[in-house]
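Report on the following structure.
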Amino acid sequence: MNEEKFSSGKPQNEVTENKYTGDSDKTQKETRHMSDNASAGGTGVPTTRIRMSEQEMRQQKEKEILELSTAQIGLLVRTTNCLESEGILTVRDLLNCTPERLLRISNFGEKTLLEVYAALEKLGFKRKSKR
């Protein structure tokens, strides 16, 4: 998620000093907006950003999680290699697999399946029933 596009939750007129550069947050935000707009072919004038609703933010976060590669979710390299050899590259791909399909993968056994379940649970996915 691109954090730069959303407000920090501070009141808009509040200015705090950056302890490393001495710059204020407000100045940094205005500069960031101007450069964002200019790089998008705009005029360089600050633009107003519309804050996403809670539901939109949850949907965006879920989409980002589903697009994570299997290598990014904390699995062992051996496990990731097994999954990738079968074309299972993302969390979305993994969630679309049945346990039976996973267990048919060469060198993928019960312990590896439990490792996958644990990684998915850390991401917030719950199993319907435990084995």
Side-chain angles (χ1 to χ4, degrees):
M1 191 176 330
N2 188 349
E3 295 294 330
E4 295 176 0
K5 294 185 180 180
F6 308 109
S7 73
S8 64
K10 295 179 186 174
Q12 290 297 325
N13 59 356
E14 180 180 332
V15 177
T16 57
E17 190 173 294
N18 182 316
K19 66 180 179 181
Y20 299 107
T21 64
D23 294 335
S24 69
D25 284 347
K26 187 174 183 180
T27 304
Q28 291 172 351
K29 286 179 189 171
E30 288 174 359
T31 304
R32 189 178 309 123
H33 287 275
M34 288 172 55
S35 64
D36 287 350
N37 193 8
S39 66
T43 61
V45 177
T47 58
T48 303
R49 307 274 182 182
I50 299 173
R51 184 178 169 96
M52 294 174 75
S53 71
E54 291 295 320
Q55 180 182 5
E56 289 172 322
M57 288 192 299
R58 278 192 306 273
Q59 288 172 341
Q60 179 68 26
K61 183 172 174 75
E62 182 179 312
K63 181 181 176 189
E64 289 173 2
I65 290 171
L66 291 173
E67 293 172 357
L68 287 173
S69 77
T70 54
Q72 294 175 297
I73 64 171
L75 298 173
L76 296 173
V77 173
R78 183 184 62 78
T79 304
T80 301
N81 290 341
C82 288
L83 294 169
E84 289 178 353
S85 72
E86 293 295 313
I88 303 167
L89 306 174
T90 65
V91 170
R92 183 184 313 272
D93 297 337
L94 195 53
L95 291 171
N96 286 322
C97 291
T98 64
E100 292 77 21
R101 177 179 176 210
L102 293 174
L103 290 170
R104 284 194 304 263
I105 299 172
S106 178
N107 297 317
F108 196 104
E110 287 287 332
K111 287 173 84 173
T112 308
L113 185 61
L114 293 175
E115 175 194 351
V116 167
Y117 285 157
L120 291 173
E121 287 173 1
K122 284 182 184 176
L123 293 174
F125 296 100
K126 303 284 187 238
R127 288 190 276 167
K128 291 181 183 177
S129 64
K130 297 192 179 205
R131 286 184 155 238

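Values reported hereafter were calculated over all heavy atoms of this structure, with side chains retained and with hydrogens, waters and symmetry mates removed.
Distance CG/D93 to CG/L83: 9.5 Å, rounded to 0.5 Å. In this structure, the separation between CZ on F125 and CD on E62 is 6.0 Å, given to the nearest 0.5 Å. Remark: L94 CG to E86 CD distance equals 12.5 Å, nearest 0.5 Å. Note that the SG atom of C97 and the CD1 atom of I105 stand 6.5 Å from one another [nearest 0.5 Å]. We find the CG-NZ distance between L66 and K61 to be 11.5 Å, quoted to the nearest 0.5 Å. Within the model, atoms CD1 of I73 and OG1 of T80 stand 7.5 Å from one another, a figure rounded to the nearest 0.5 Å.
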E115 vs T79, test: side chain to side chain donor-acceptor pair (under 3.5 Å). Steps then yes/no. CA-CA 9 Å; E115 175 194 351; T79 304; 2.7 Å; yes
Stepwise side-chain contact (heavy atoms from CB on, under 4.5 Å) test for T90 and T70: CA-CA 5 Å; T90 65; T70 54; 5.9 Å; no
Take L102 and I88 through the side-chain contact (heavy atoms from CB on, under 4.5 Å) test and state the conclusion after the steps. CA-CA 10 Å; L102 293 174; I88 303 167; 3.8 Å; yes
CA sep, side-chain torsions, deciding dist, call: E64, Q60, side chain to side chain donor-acceptor pair (under 3.5 Å): CA-CA 6 Å; E64 289 173 2; Q60 179 68 26; 3.1 Å; yes
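Neither L89 nor L75 shares a network with the other; the hydrophobic side chains, linked directly or stepwise wherever heavy atoms of I, L, V, M, F, W or Y lie under 4.5 Å apart, form separate groups for each. Note: the hydrophobic cluster containing L76 does not contain L68 (ILVMFWY, side chain heavy atoms under 4.5 Å, direct or indirect links).
Across all non-hydrogen atoms, the minimal contact from S106 to C82 is O-SG, 3.6 Å.
Within 6.0 Å of the CD atom in Q55, the count of heavy atoms belonging to other residues, nucleotides or ligands does not exceed 12.
Between N81 and R78 the shortest side-chain heavy-atom distance does not fall below 4.5 Å. In this structure the side chain of Q59 never reaches within 4.5 angstrom of the side chain of K63, judged on heavy atoms.
Under 4.0 Å is where a charged nitrogen must lie from a carboxylate oxygen, and between E121 and K126 no such pair does.
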